[in-house]
Amino acid sequence: MHKNLVIVESPAKAKTIEKFLGKDFKVMSSYGHIRDLNPKDFSIDIENNYLPKYIVPTDKKKLVSELKSEAKKAEQVWLASDEDREGEAISWHLYEVLGLKPENTKRIVFHEITKTAILHAIETPREINQNLVDAQQARRVLDRIVGFELSPVLWRKVKPSLSAGRVQSVTVRLIVEREREIHSFVSEAAYRVIANFILPDGTTVLKAELNKRLKTKEEVISLLNLCKTASFQIDDIAKKPVKKSPAAPFTTSTLQQEASRKLGYSVSQTMMIAQKLYESGFITYMRTDSFNLSDLALGTSKEEILSLYGEKYYKFRQYHTKSKGAQEAHEAIRPTYVNKVDAGGTAQEKKLYELIRKRTLASQMADAELERTTISVGISGQKEKFVATGEVIVFDGFLQVYRESLDDESEKEQENGLLPAVEMNAVLNLDEVKATERFTQRPPRYTEASLVRRLEELGIGRPSTYAPTIQTVQNRQYVVKGDKPGEERNYTAIALKKGKITESLKSEIVGADRNKLMPTDIGIVVNDFLMEYFPNILDYNFTANVEKEFDSIADGEMIWTSVIDNFYKLFHPIVEATTAIKTEHKVGERALGIDPKSGKPVFVKIGRFGPVAQMGQSFPDDKEAPKPSFASLLKEQSIETITLDEAIKLFDLPRTIGEFEEKEIVAAIGRFGPFLRHDGKFVTIPKEFSPYTISLEDSVELIKNKRIQEEQRFIKSFEEEPELQILNGRFGAYIAYKKSNYKIPKETEPISLTFEQCMKIIEDTPEKKTTKKRTTRKKA
DNA sequence: CAGTGAGCGAGCTTCCGCTTGACTT
């Protein structure tokens, strides 16, 4: 029997806090929200002033009843969820659902998990802040209205099962627009001119770049000709001190970015690894938008820096958030004990911990001091100059520990080290001049991490949703993460050496991308549709603007239902109107032209199963009219860029190749790539062949190979049960029974299994949960 | 796991944020 029950959001937090509070306190966790709008229906009563209908989800029922019974037993209940909008709402839902009484319920908050902070919180309880709760209700209801009214419009106008929402739709927009920028980008060429000079000592080389890029080959040639006879003299030496400051401690988004750049983790990987470190007590909470470090952390960081590096390297710093809509309920992400050098079980955990620790320490360290030297070399009779810049570290400061990585590696291209000692007015000998054609670079495609950074800048999404949002837009097939091969590009290099000018044509591969985010056809069509009819929702400032209204609700200046009412009155009529629009063309349809063979028009559009080409008009009312034919686009093709010829070629498939054993062989391309069909069986066409050209001989060969493979697949069957078989698969032997597959324990020899043993394995295998989300497809 | 899509009409899909498991490949 406990006198006090404290409820926090996270079980790991509960464990830590229980230690601080002693015997009279029991600490439990709510595991986040315990109540929400019903996911299955709209759950907002528009007629009744937007009254939300909340339910306790089934997987939370057991937890809620446990909390209820503990709350009943306790003399005092302390609601200790986070101090932000969502946290306040969690406390309020707990209060309502657990049937708590005002006289023995207290609301407490703390921003850091330290004994002093928690004891202080207990000393200074307050009541639930209903305004803040209402701000959360407004947020929740708005998101539900947008999501559940917009998505059905897409089902009707574009394709079933699609989705739209305040966060995901803008995320897709960012990626679509970036892809369009890339396609419309025209690179400009200019010559970068670099000279090597020999200093008066006769050996030392000074490398310097012309202070201007030359547009044409003619300009380059005339400069090089001039250089043949010109004299070169140092006409300026400038030294400038430069300071660099450390980056702030990690928040969720900066951790995701750095772990991606330095360790190559995806954002969801980073979060999973961080979660492990958090649960083991090595780091503070990993979903945060705050740069703040607790006094305790500041103190221990200081001690650690002083003892490791000395006083000169320490500097007290406090960081303030710049991101829109930050709620700062937690600390920055930091080690629980900064003096712990090494933590974590796996190599991945260790690396992430090290990164967090170094970033935390560096954030409390002195500036790095550098000296930047600029040497300028004049060309006789010319106003252009060659310039060399070098940077040397005078005092390393925080760089001793940590250096933040850049997204674009070429940004740091011109980092030169120490320049040789030179004297003013010294005359230099020219050794060589190289002019290389360089091109302006197209904008980069987003990585997961750079997308998160952009979302955070726009104030869209929260630390807990960055990783899931990136997953959602990929699950909906609006966006794919993938590779793009680069293109070969020629460039000219012109050199002057020993009085001779030589020109050469070289080539390089440019624009190759790995693991970058790109829009699909569906993503593009949905985005264009939403941009046309719902530009306000897709506006990059939409979230920031409604956040201001949520803030006024929290400040008690506005009633949440009237904020929602204002929005709904504008939004809902557009939904109605858009639904009613009858367009001649399907959304996203593009006419490519006329097929010269048949004279029929060719279109591309989004069909029920994705991008499809259509040949021939459709006349739904005329039963006699010839039906159009359809062909799916290939994976690498796009509605936006496909040409008429490419589309016409799609209709060459399925192609009848010939007969084998008196049955037709047909080649086509399906969901899993090119295949042959023969006698009701399917054979994959390997990469060396094309379904458009494969010969009858090769096809027969493939079919025969497949048959041999099939024979080897079979290991054993049983008289007792014809549906039970032991087979050889991609991952080794397995048991097949009534359309399900079962794993055979490692130590067993598959051939020796008896009927009884097989049935036992089947019985012992736990029922598969229906995790495959989209298998419940109906047959058309 | 499979090569579909102009129609006979059922019922389904969907949002964002707060939290962890318990699943499988």
Side-chain angles (χ1 to χ4, degrees), chain A residues 8-13 29-37 39-43 59-60 63 81-82 84-87 89-90 93 136 139-155 159-169 272 275 279 285 287 329 460-466 468-469 472 476 543 605-610 612-614 616-623 625-632 653-654 666-677 681-682 684 691 730-731 743 766-780:
Chain A
V8 296
E9 290 181 38
S10 143
K13 210 181 199 178
S29 160
S30 74
Y31 292 81
H33 277 292
I34 53 142
R35 201 165 70 151
D36 190 14
L37 300 175
K40 297 238 181 288
D41 58 39
F42 195 58
S43 287
D59 60 335
K60 284 287 174 77
L63 171 75
S81 49
D82 298 343
D84 57 13
R85 215 158 54 198
E86 298 297 327
I90 287 172
H93 283 302
Q136 192 274 348
R139 198 281 303 157
R140 183 67 190 90
V141 166
L142 178 94
D143 282 338
R144 172 53 64 91
I145 290 174
V146 172
F148 274 44
E149 295 219 341
L150 231 40
S151 300
V153 178
L154 295 178
W155 304 344
K159 195 172 105 101
S161 301
L162 295 176
S163 66
R166 174 177 59 83
V167 172
Q168 57 167 281
S169 294
M272 269 154 54
Q275 175 91 27
E279 283 170 13
Y285 197 56
R287 290 187 275 261
I460 295 169
R462 305 276 314 130
S464 67
T465 62
Y466 296 137
T469 299
T472 304
R476 297 267 168 270
T543 291
K605 61 180 187 183
I606 300 287
R608 268 208 286 161
F609 307 105
V612 70
Q614 175 183 337
Q617 284 281 17
S618 66
F619 304 96
D621 302 330
D622 183 358
K623 291 264 189 286
K627 298 214 162 107
S629 42
F630 295 91
S632 288
L653 295 178
V666 175
I669 297 177
R671 270 214 288 158
F672 308 102
F675 68 94
L676 296 171
R677 191 179 55 216
K681 290 202 170 110
F682 297 96
T684 307
R730 219 156 31 112
F731 310 112
K743 223 191 279 179
E767 189 79 5
K768 247 199 251 176
K769 272 180 106 183
T770 49
T771 39
K772 279 189 183 170
K773 268 196 146 177
R774 311 207 152 260
T775 43
T776 49
R777 268 282 153 80
K778 38 86 221 255
K779 290 269 171 331

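No hydrogens, no waters, no symmetry mates; every other heavy atom, side chains included, goes into these values. Sequence lines set the chain letters: A, B, ... in the order given, protein chains first and strands last, and positions in each chain run from 1.
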Would you classify [X] as touching base, sugar-phosphate or nothing, given that sugar-phosphate means primed atoms plus P, OP1 and OP2, and contacts are heavy atoms under 4.0 Å?
| X | answer |
| --- | --- |
| Val612(A) | base |
| Gly32(A) | base |
| Arg140(A) | base |

For Pro11(A) and Lys40(A), find the nucleotide of DNA chain B closest to each by heavy atoms; which residue's nucleotide sits nearer the 5' end?
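In this pair, the answer is Lys40(A).
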
Find which nucleotide of DNA chain B each of Arg144(A) and Arg287(A) is nearest to by heavy atoms, and output the residue with the more 5' nucleotide.
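Result: Arg144(A).
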
Polar side-chain contact Arg139(A)-dC16(B) base: donor and acceptor under 3.5 Å
yes

Base dG5(B) paired with Ser632(A) side chain (donor-acceptor, <3.5 Å):
yes

Do any side-chain nitrogens or oxygens of [X] fall under 4.0 Å of OP1 or OP2 in [N]?
| X | N | value |
| --- | --- | --- |
| Thr465(A) | dC16(B) | no |
| Tyr466(A) | dG17(B) | no |
| Gln168(A) | dC16(B) | yes |
| Arg476(A) | dT14(B) | yes |
| Ser10(A) | dT20(B) | yes |

With the stacking rule set at 5.5 Å and 30°, tell me whether Tyr31(A) counts as stacking on dT20(B).
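The ring of Tyr31(A) is not stacked on dT20(B).
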
What is the distance, rounded to the nearest whole Å, between atom [atom1] of [X] and atom [atom2] of [N]?
| X | N | atom1 | atom2 | value |
| --- | --- | --- | --- | --- |
| Arg85(A) | dC18(B) | CZ | P | 8 Å |
| Phe675(A) | dC1(B) | CZ | C1' | 12 Å |
| Ile606(A) | dT4(B) | CD1 | P | 18 Å |
| Leu154(A) | dT14(B) | CG | C1' | 9 Å |
| Asp36(A) | dC18(B) | CG | C1' | 9 Å |
| Phe682(A) | dT4(B) | CZ | P | 9 Å |
| Leu37(A) | dG17(B) | CG | C1' | 12 Å |
| Glu86(A) | dC18(B) | CD | P | 5 Å |

Among the candidates [options], find the nucleotide nearest to the side-chain atoms of [X].
| X | options | result |
| --- | --- | --- |
| Asp82(A) | dG3(B), dG17(B), dC18(B) | dC18(B) |
| Ser163(A) | dC15(B), dG5(B), dG17(B) | dC15(B) |
| His33(A) | dT19(B), dT20(B), dG17(B) | dG17(B) |
| Phe148(A) | dC15(B), dG17(B), dG5(B) | dC15(B) |
| Pro160(A) | dC18(B), dC16(B), dT13(B) | dT13(B) |

How close do Ala164(A) and Ser151(A) get, heavy atom to heavy atom, and via which atoms?
N-OG, 3.1 Å

Identify, with sequence neighbours excluded, every residue that meets side-chain contact (heavy atoms from CB on, under 4.5 Å) alongside [X].
| X | answer |
| --- | --- |
| Ser10(A) | Ala12(A), Lys13(A), Tyr278(A) |
| Pro152(A) | Trp155(A) |
| Val167(A) | Thr171(A), Ile460(A), Thr469(A) |
| Pro39(A) | Ile55(A) |

By ring-ring contact (aromatic ring centres under 6.0 Å, His included), Phe682(A) pairs with (sequence neighbours left out) Phe675(A)

Quantified in whole Å, what is the P atom distance between nucleotide dT25(B) and nucleotide dG3(B)?
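Roughly 23 Å separates the two P atoms.
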
What is the ring orientation for His33(A) with His93(A), classed by angle as parallel under 30°, tilted 30 to 60°, or perpendicular over 60°?
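Plane angle over 60°, so perpendicular.
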
Tell me, what's DNA chain B's dot-bracket, Watson-Crick or G-U with both distances under 3.5 Å, | for other-strand, [ ] crossing?
.........................

OG/Ser43(A) to CZ/Arg144(A) distance, rounded to the nearest 0.5 angstrom?
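Reported value, rounded in 0.5 Å steps: 5.5 Å.
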
Between the main-chain N or O of Gly616(A) and the side-chain N or O of Gln614(A), is there a donor-acceptor pair closer than 3.5 Å?
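Judged by distance alone, yes, a pair lies under 3.5 Å.
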
